[in-house]
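Everything below concerns the one structure shown next.
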Amino acid sequence: MNSQTTSLVHAYLTDGVVSQVENGDELQNFLHKNVRNPLKLTLARGEPNYTNYTADFKDVIDYIVCDENSTVGHVTPSPNLSDLEESEGCRSAIFPSDHLPIISDILLGDTD
């Protein structure tokens with residue numbers, strides 16, 4: 001999944017429902033009332049501190065999502081903050097992509 005933690009996509013996939021809002025957002029309130037995610041999904045490696053770290057944007061926008069029947073094995077740790085700061089973040093010789101790698105071994109559960 002590629003989305004910020006405050007997004008409707010994140011809420012739908014991790015909570016199974018989009019939150020209702022009081023500010024009159026018609027689409028979000030429609031989704032809250034009418035759309036449910038029947039899958040019981042979880043974040044395979046929890047909520048990392050960051051998956052994108054640049055000079056003007058630092059946030060978590062990448063996740064590994066699996067169902068509740070899956071078993072999460074090895075999780076590769078996130079880079080140290082000091083390494084990111086020293087290399088001036090993403091798109092550097094050390095971190096050539098604008099996204100940090102998130103890696104986890106997952107044994108998929110029974111789908112019956």
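What's counted below: heavy atoms across the whole structure, side chains too, no hydrogens, waters or symmetry copies. If you read the sequence from its start, that first residue is 1, and numbering goes on from there.
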### Message
Please list all pairs meeting salt bridge (charged side-chain N to carboxylate O under 4.0 Å, His left out) that have one or both residues in residues 49-62, counting only residues at least two apart or in different chains.
### Response
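For residues 49-62: none.
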#### Entry: Residue pairs involving residues 35-44 (criterion salt bridge (charged side-chain N to carboxylate O under 4.0 Å, His left out); sequence neighbours excluded)
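For residues 35-44, and leaving out neighbouring residues, there are no salt bridge (charged side-chain N to carboxylate O under 4.0 Å, His left out) pairs at all.
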Kindly indicate whether the side chain of [X], heavy atoms from C-beta on, has any atom under 4.5 Å from the side chain of [Y].
{"X": "L39", "Y": "D67", "answer": "no"}
{"X": "I106", "Y": "I64", "answer": "yes"}
{"X": "T14", "Y": "L43", "answer": "yes"}

### Query
At what distance, to the nearest 0.5 angstrom, does CG of L100 lie from CD1 of I103?
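These two atoms lie 10.5 Å from each other.
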### Query
Once you round to the nearest 0.5 Å, how far does CG of N52 lie from CD1 of I61?
4.5 Å
### Query
Does one hydrophobic cluster hold both V72 and I102, with members joined at side-chain heavy-atom distances below 4.5 Å?
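No.
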### Message
So, using side-chain hydrogen bond (donor to acceptor under 3.5 Å, both in side chains) as the criterion, who are the partners of Y50 when residues are at least two apart?
### Response
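side-chain hydrogen bond (donor to acceptor under 3.5 Å, both in side chains) list for Y50, sorted by chain: empty.
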Anything under 3.5 Å between a donor and an acceptor, one on a side chain of residues 76-98, the other on a protein residue two or more places apart or in another chain? List them.
| residue | atom | partner | partner atom | Å |
| --- | --- | --- | --- | --- |
| S87 | OG | D83 | O | 3.0 |
| S87 | OG | L84 | O | 3.3 |
| S92 | OG | G89 | O | 3.2 |
| S92 | OG | I94 | N | 3.4 |
| S92 | OG | F95 | N | 3.1 |
| S97 | OG | H99 | N | 3.1 |
| S97 | OG | H99 | O | 3.4 |

### For V75 against A44, the heavy-atom pair lying closest together
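Smallest heavy-atom distance, with atoms named: CG2-O, 4.5 Å.
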### ring pair (Phe, Tyr, Trp, His ring centres under 6.0 Å): pairs with one or both residues in residues 62-85, sequence neighbours excluded
H10-Y63
### Query
For C66 and L41, what are the C-alpha separation, side-chain angles and deciding distance, and is it a side chain to side chain contact (heavy atoms under 4.5 Å, CB included)?
CA-CA 6 Å; C66 60; L41 299 176; over 6 Å; no
#### Entry: Set of side-chain contact (heavy atoms from CB on, under 4.5 Å) partners for L107, sequence neighbours left out
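Result, side-chain contact (heavy atoms from CB on, under 4.5 Å) vs L107: T71.
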